[in-house]
Amino acid sequence: MLPNKSLFLAVYFYIINYFHSYFLMSDKEIRVRFAPSPTGYLHIGGLRTALYNYLFAKNKKGKFILRIEDTDRNRYVEGAVENLISTLNWAGLQADEGPKYGGDYGPYLQSERLDIYNEHIKKLIDDGKSYYCFCTQERLTELREKQKKETIQTKYDKHCLKFSKEEIDNKLNNNIPFVIRLNVEPNKKILFNDIIRGEVTFNSDTIDDQILIKSDGFPTYHFANVVDDHLMKITHVIRGEEWISSTPKHVLLYDYFNWERPQFAHLPLLLNSDKSKLSKRQGDVAVEDYMQKGYLKNALINFIALLGWNAGDDKEYYTLDELTNAFSLEGVNKSGAVFNLEKLNWLNAEHLRNISNDEILIMLKDEISKSKYSNFNGTDEYLLLIIEAMKERVSFVKEYIEKCPYFFEPPSEYDEKVMKKRWKEDSPDLLKIFSQRIEQLVSPTKEGYERILKKLCEEKEIGLGRLIHPLRLALSGVGIGPGIFDLIFILGTEESLKRIDKALNQIK
RNA sequence: GGCGCGUUCGUCUAGUGGCUUAGGACGCCGCCCUCUCAAGGCGGAGAUCACGGGUUCAAAUCCCGUACGCGCUACCA
């Protein structure tokens, strides 16, 4: 008795689910962050990291936080923060907290949190977990070169760890420049669990006494990100794979502070077609580049979501909401994904077809204003007809212009191949008669044109193509495009007559 | 060099020990539809699951090794 069995199962799972969600709800709020540095533009890989963070947070009814890692003053670019925020917003990934948004855990610009870092580093120094280092740049490079020559691991030799309290105070008082380093205990096993990769193990011997505070008083990423993540109550650190190697340093810091570690999830890289890390040299990496090229945000989001994540089924077309519902970190792959433009283009076409004509109209008008037809003064109704006719034939909004310029200006030349193949001896005569007849149409409809054309072909005992092809050539100048009756209807009788006349004069 | 991570059709991927002669998608090719081009439908080529050993009655799936790729190895993030 199958129904009974499935009923039993349904009840069973309902109960399991109930308790499961009960425990989840009693859990603390999920908080994740996207923490880019303001280098001028948003990298497509950064957008994906932001997306996964966003999806994870929203799926768990948690918070998505934007934090700017601007502790490297050399890399700061004017206006980068605003640009980052607006690009993220364009993509639909609005942060719940962050610069410009505010929140209870601000400031969200690391450069405004210097006091916080100073306060925390003191504790570490007092505990002997970090120490002042007065080594000069010269000694450091010398040390490194020596180690390289001996082909041993390059790392700091704890030279400054030996100084007494008095010696340190003395140097400090004399304003000798210093940095503060992490005191890594030798020969300790450091392991952390990664949601995507499982257990990852390091030996502390392979970990350098990382600089935590630079000589300019700014913290390094490693220190700032741990302090901030803790203070901002970040529960899950979802970031790129390039951070795996420095995670033991972070883990050490959490332990030194006696703080609870967040969960880590290291995302696979986005790759060039040669499998190297996605770079500028081999194509566009800025999200703005894709915006400019006319990619729809929904398509871009859909595409990069699938680059490294899969729900475990065959679904490929997603809206942001659908992604939010389906997303889980368990569905994220381990290996890097090549950024394949062809699939992006296909997805763009798919999404474009699912947008209402009215919405496309708005985008099209914008596109026209930026094109050479900027002074086009056709009606919305006219453009809507074009949209309807071309919808299955375009992948980008701008192709509503590029693929059918004949809707915006008469053809100035005629495709030679088509001319050769389709323009027959009887073409001029047929077109002349056809012209005369459509001129009689009182209120032209597609069906009206169709009736006339079919009747004429019947009379002449020829196939429809015999007239359709030369007609298309005369009206559009090319051999491809929407159905001929759509074409002539959109153009209208008057314009069509002009174009046929012109073609008759120009095509021999 | 050291350390870490990875490896299923060209590309994105499904797969969590028997359901797999490895499934889907993009791209490519062919056919159908058809006034052209698309879209759509149908079909095809395309992966000895990196390689080599184990474990098991049974491995793409578990274990070990090797190769290759990538990442990190900064007072960058």
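Convention: sequence-line order gives letters A, B, ...; per-chain numbering from 1. Values below: all heavy atoms of this structure, side chains included; hydrogens, waters and symmetry mates excluded. Worth saying up front: this structure is predicted, and the values here are computed from it rather than measured.
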Is [X] close enough to [N] that one of its side-chain N or O atoms is under 4.0 Å from OP1 or OP2 there?
X	N	result
A:Lys315	B:A25	no
A:Asn333	B:U13	yes
A:Lys155	B:A74	no
A:Thr154	B:A74	yes
A:Lys214	B:C76	yes
A:Thr71	B:A77	yes

Check this for me, if you would: do A:Arg67 and A:Glu69 make a salt bridge, where the nitrogen-to-carboxylate-oxygen distance has to be below 4.0 angstrom? yes

Can A:Lys460 and A:Asp429 be counted as an ion pair, charged N to O under 4.0 angstrom? no

What's [X] touching, base or sugar-phosphate or nothing? Going by heavy atoms closer than 4.0 Å.
X	result
A:Ile484	base
A:Val200	sugar-phosphate
A:Glu150	nothing
A:Glu342	sugar-phosphate
A:Gly483	base
A:Arg466	nothing

Whole angstrom is fine here: how far is it from [atom1] in [X] over to [atom2] in [N]?
X	N	atom1	atom2	value
A:Phe192	B:C72	CZ	C1'	12 Å
A:Asp208	B:G4	CG	P	16 Å
A:Asp205	B:G2	CG	C1'	12 Å
A:Tyr221	B:U73	OH	P	13 Å
A:Arg472	B:U34	CZ	P	16 Å
A:His250	B:A77	NE2	P	10 Å

Of all residues at least two apart in sequence or in a different chain, which pass the side chain to side chain donor-acceptor pair (under 3.5 Å) check with A:Arg144? none

Could you tell me how far [M] sits from [N] if I compare only their [atom1] atoms? Round to whole Å.
N	M	atom1	result
B:U56	B:C32	C1'	49 Å
B:A38	B:G24	P	24 Å
B:U73	B:G65	P	27 Å
B:A59	B:A22	P	14 Å
B:A67	B:G30	P	44 Å

Nearest-nucleotide check on RNA chain B, A:Glu392 vs A:Ser276; residue mapping nearer the 5' end is A:Glu392

Is the distance between the ring centroids of A:Trp309 and A:Tyr318 under 6.0 Å? yes

Are A:Phe64 and A:Phe56 near enough that their ring centres are under 6.0 Å apart? no

Kindly say whether, by distance alone, the side chain of A:Thr206 makes a donor-acceptor pair under 3.5 Å with the base of B:C3? no

Would you say the side chains of A:Asp72 and A:Tyr221 form a donor-acceptor pair under 3.5 Å? no

In the structure shown, which nucleotide is the Watson-Crick or G-U wobble counterpart of B:A67, with both distances under 3.5 Å? B:U7

